[in-house]
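As structure tokens, the structure follows; a few thoughts come after it.
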Amino acid sequence: MSFVEYSDFIQDGDVAIVYLSHDSMMPVKVQQGAQTQTRYGVIRHSTDLIGQRYGSKVTCSKGGWVQVLHPTPELWTVSLPHRTQILYTTDIATITMMLELKPGSVVCESGTGSGSLSHAILRTIAPTGHLHTVEFHQQRAEKVAMEFKEHRVDHLVTVRNQDVCKDGFGVTGVADAVFLDIPRPWDAVKHAKAAMKKQGGRVCSFSPCIEQVQRTCEFLADQGFEEINTLEILLRVHDIRTVSLALPDFGPDPSAQTPPDANEEAPPPTSAPNHTSVTLKTTTPPREIPGHTGYLTFATKPRT
Amino acid sequence: MSFVEYSDFIQDGDVAIVYLSHDSMMPVKVQQGAQTQTRYGVIRHSTDLIGQRYGSKVTCSKGGWVQVLHPTPELWTVSLPHRTQILYTTDIATITMMLELKPGSVVCESGTGSGSLSHAILRTIAPTGHLHTVEFHQQRAEKVAMEFKEHRVDHLVTVRNQDVCKDGFGVTGVADAVFLDIPRPWDAVKHAKAAMKKQGGRVCSFSPCIEQVQRTCEFLADQGFEEINTLEILLRVHDIRTVSLALPDFGPDPSAQTPPDANEEAPPPTSAPNHTSVTLKTTTPPREIPGHTGYLTFATKPRT
Amino acid sequence: MADNGDEDSQYKIKEGDYVVLKRGDIYKAMQIQPRKKVIFEKQWFFLDNAVDHLYSTTFEIMSGGTLQPKKPKDTASSNDAKEAGTDNRNIVDDGKSQKLTRDDIETFKEQGLKDQEIIQQLIENSTTFRDKTEYAQAKYIKKKKKKYENTVTILKPSCRILAMMYHGREPGKICHLRYDTLAQMLTLANIHAGSKVLVFDTCAGLVLGAVMERMGGYGSVIQMYPGGGPVRAGVESFGFPAHFHDMLHEFPICHVNPLLAGTLDTTAKDPNADEKQSNKATEEEQNQPKAEQQGSPEERSMETNAGDDAGQEQEKKEKEKRKEAKAQEKKVKLEEKRKKLAAAAALLESRNADGLVIASRFHPCPVLMGLLKFLSPSRPFVVYSQYKEPLIECYTKLREHGGTVNLRLTDTWLRHYQVLPNRTHPVLLMSGGGGYLLSGTTVAMDRPKPAGSQRVEEPAPKRLKLTDTEG
Amino acid sequence: MADNGDEDSQYKIKEGDYVVLKRGDIYKAMQIQPRKKVIFEKQWFFLDNAVDHLYSTTFEIMSGGTLQPKKPKDTASSNDAKEAGTDNRNIVDDGKSQKLTRDDIETFKEQGLKDQEIIQQLIENSTTFRDKTEYAQAKYIKKKKKKYENTVTILKPSCRILAMMYHGREPGKICHLRYDTLAQMLTLANIHAGSKVLVFDTCAGLVLGAVMERMGGYGSVIQMYPGGGPVRAGVESFGFPAHFHDMLHEFPICHVNPLLAGTLDTTAKDPNADEKQSNKATEEEQNQPKAEQQGSPEERSMETNAGDDAGQEQEKKEKEKRKEAKAQEKKVKLEEKRKKLAAAAALLESRNADGLVIASRFHPCPVLMGLLKFLSPSRPFVVYSQYKEPLIECYTKLREHGGTVNLRLTDTWLRHYQVLPNRTHPVLLMSGGGGYLLSGTTVAMDRPKPAGSQRVEEPAPKRLKLTDTEG
């Protein structure tokens, strides 16, 4: 197991994702002799996990069962222990494409936060790229560095615990792409430019408030960035439902029921088909959905 | 005919809406002896319109036909001669409800513009309400006043040609609701407050840019307005389509086709049902849709 | 309202009034009844003290559940977040950031501390508050406020407020009809004073009430209702003046076909038919929750009182008496009902209604096709459905059938904004969907032709290309 | 790219390169070919002069269609609108506001005035420009710019650029797959270097190219293609280095069932089967547009040259010769094709692919059910459809069939913003829809049971309540 390479079987030391339902997954560090408690009962790592195939069904002690999945950045994003607001897959996917990330890309990121985006970047730039990620908060920087190790991607990433607005990314002229998710991104625009290759590259800033966007765009333009483009993307989930709709009863319809030669009284029970209903497949949106995560501002650094 | 009262038959002097298709309608002033040119041919008012029922099909000179509809504020909005950017029905509907307009309401509006919203307001506040509408641009004020007359709603409206930011609405303490669609709405907030009843009321400002919204909200709060709430509403049209999807051909499927005792060669023509397709009803969005009209900011004026 | 009347009586809360309680974004409709215990947002209180105060007054809930008008607040509360850290990188998540315990807070409450004061205490005792971003601070305050606030504002009901209330509290009761979708319906159907409008509403009567508000007592509204009796709870909450109810008619849809066929007897000359009908009516009444039984507030509060007074003992004696009285009452009511039916039938028979509004849990297609017949040509109609598919079916059926133009299947996307200095952004949660609308305009049908030939004539060749886009 | 290499050769435009032309939001993919006339945005020119310049250079189109690198512009052009009126109330719409005539402008152009200069002329000669709101000014400039600009930027292709290009120019060719939806697909399918991915793509090969870019030449991609041959135009436009094509395999889906049944013969021992196959292959080639025939740029440009040189006269003589050569060539090609088929079959047979991506004009349900069999357990898949309904069917089928979890039917809402001082607002037009995705993860199926018994076991009772929400 690694976050950048699939394995078929679960091994001691792996991180596996226990799938309970689409909105309930938990990451588990697989350890010989360890146990994990779920709402369906206990999972014994030695017998239930190690040596099993990823994707297997595991029957828990209470008789319920779960699936054990190979970790991916996306499963990690929905199951990771939150230490900050995190970026979710919809924004991450957009960022990845719009920053033109691919194997070999060198990327700078700040802040690292809970590492939700970092994992997705690492997946995309492996095996030959590198991520330089800067996190101001020491505890978080240490925690995420440990996770990179556990997820076997530490060879692809350098974590720096410093203030990006003051100290920059710690590298110069190497990055193909820079990502900013900090309260005052404009203060890091110069550092972003310095970190990037002289031949150019792409930058993205994520900010919840429009004032941050306005200021960042100004600074980007001042620093000679081009193709500055702000966008917003929202995910819509469609829950699939079978619904039943009642049919109205308009009462006996003489025009429909009596052929011209049938003059006797029509039998009342059949004439009014009392409130039957029809069934159909449809989708409904969740009652409430995320209405905003943040604005994504992209720009191109030209050759300098 | 009037924009606030239905009639059954078309009369001389009416304004009727000629319906060509859902995205092509034209308002016509019905006049004894007049003619109107459409892409389906000429309509002769005396014979084709006057005395006909609203909703009738009229055959034009070229043999094509159109429907002649009774005017409503909504049909007017999609067919009126543009003199400015206008408000469309989706925003208008929201404004009407959120301003709590109803028969008897007294409303102030600026700018009048092309009168798209004005007609919807008049429809809702008739027969006992009144609209005070202020338009800076003299030509436009005159034009719209004439239209109100032609549409037989002039008894419900007073048009003023003045600068609302300098001169206000020309009335004090009478309005239940105020609507602002001007470049610097914050300059009119005091006037809006002055125009409103001391017991309170509702105000709405429509602005395309967020900076206008920010400034207006500040001024509204400073002037003691409450429940300040900004929202955005977008219409999505679903075009109904019948589409055909091809079925893939995975080649002869031995498991599906050969019962255990059928050992002869399976006849090839039937085994691969060459690319048939299925048909289904669905909806598609238009390729491009309005992504923004403006932000609507609502607030309540408390008792003062 | 056109007058600039200064007398405030219409702005004062009166006993028997239908009002709406409000705290933050939470609304609840209510009638002002003496000594009636009200539960709102997990707090109980009495509304008696609110009487004679002005609408839109905010009250504090005092001990014993009495209300006391709140002093006008000094400044906007949106500036609660002060001294915000620029980001939250210094916060250590050790679970110890709040020094106050649950018990401390309970003690504050017992000491009678006001909500604002408790929140202030919480802020002052939070070691991390000042390090949080404004963003996080605002969230924190909101959460705490919700927990410890104890004020309530009493509002005069309106379509806007009730539509938002239903959507927020009980969307299931109104088929998830969002307030802005309701707004579209009223506009698309050109609802206005003086017209004759058909309404088919199983959304608690909210749509019916909204239509009535927009008609201001002028014109007529015919509520077409399915078996089980007309639903009116939502209409009551509007607290309309009595004369509004004069324009309201009702007609059971099970009589639609007989009416159209000319076989509906509303003269009560056939005792059998009448009996059957009356039985049905009684059943319906019995099947309904109390709140939906009566039209006017006066009647209802009387009944409630009667029920409260009745003891448990004298029952048997008076049972006989009441039975007789009831039979008589029933007779009167039936006659009333018959008259009402006859009146509604007369309105429908001319088949010249000016608008049709449908919002129900029924399949909209048969409902629409059944009721469209009652409209004049060149009149708008609008159908709501929580789901898109049934409206596709309506569209297809209408295109086949002819007699309508300007068909559009739409929904709306609605998002609210937080507008604060340097913290402006869309609200983080939004409604997932407000339901779908099919709207259109009736036109004169071609002269009745032998069945089958009609469809052929419908789209003229040169317009064929528009068939699908037309909508 | 991990190296900080300073040599610019990889950033230079070379003959034979696949490039993208850009002006404003308009993109067009192109190959650099000598003396080839290119038409872009109604202007024609030659790309020869661009060779050896750096990618991302903006060129001016000079008379005679030659390109000349543009001087770096002094400042951002977003400040064009100066001295804006606060609103447009003073504007009189008399149709006379522009003093320049069409002829004037043509004269300017003949005089060789640059686009910017012409626009400046237009602005200066507009009596109303200064009275317009900034809003209206921006619109005016944009309109004029579009009309008179004559620059073009040459970009190195990338998934981002090509996806935006196809969506803007030819959405029909890619089933209206919007670029952000493609971005979701690549992420949801966990596309990365070193994995084995199945792609079913009738979107001009754009999706296939996007997958290949993300795999960076590591691992294998098997293009499953329907009758008619694999579509590759989109892949070519990426201009991948030659070794990328080593990881690309193709397999006709009409061989899927035989492969699964173990009846597919890839050893060519059956001459009949081989013949049939080869005929099919030839047909396919002939049915394809030229651009889609060949994999590598070198081959292709050679062919093009050959075609150009051939005269009209010597044809007959050489016909025979060529026929023979062709027959030989055909044989070689067939053998190649057979080998490729065998290689792809071998990759598929192990049924352990790491990902599946479907985006096509076919009904996604049978495609998905047919190809899902080739995945290992615990691997992601994603299906695109322009319409929602077919994906509902997929979902239902998958739930019946078992073997997948984490199913989600989604789409995305995308809006761009104009961010300018005091003029910030969402862009006035947005895409109506980007299509729908169904994504999920495979899991191990329960051991094969006698047909029919399988379904019963699927959802354990305690999880039944999740059945519908699960997704």
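These numbers come from the heavy atoms of this one structure, side chains and all, not from hydrogens, waters or symmetry mates. Every chain is numbered from 1 and lettered A, B, ... according to where its sequence line falls, protein lines coming before strand lines. This is a predicted model, so every value here is computed, not measured.
- Among B:Q214, B:E211, B:R236, B:E232, the residue with the largest count of heavy-atom pairs under 4.5 Å with chain D is B:E211.
- Applying the ring-ring contact (aromatic ring centres under 6.0 Å, His included) test to B:F250 and every residue at least two apart in sequence or in another chain returns nothing.
- No donor-acceptor pair closer than 3.5 Å links the side chain of D:E393 to the backbone N or O of D:C365.
- Checking B:S205 against B:T297 by side-chain atom types alone, no donor-acceptor pair falls below 3.5 Å.
- With a threshold of 4.5 angstrom between heavy atoms, D:V427 approaches chain B through N, CA, C or O but not through any side-chain atom.
- Residues D:R178 and D:S431 bring a donor and an acceptor atom of their side chains to less than 3.5 Å of each other.
- In terms of non-hydrogen atom pairs under 4.5 Å with chain D, the most contact-rich of B:T282, B:I210, B:L280 is B:T282.
- Only the side chain of B:V243 comes within contact range of chain D, with at least one heavy atom under 4.5 Å from a heavy atom of that chain.
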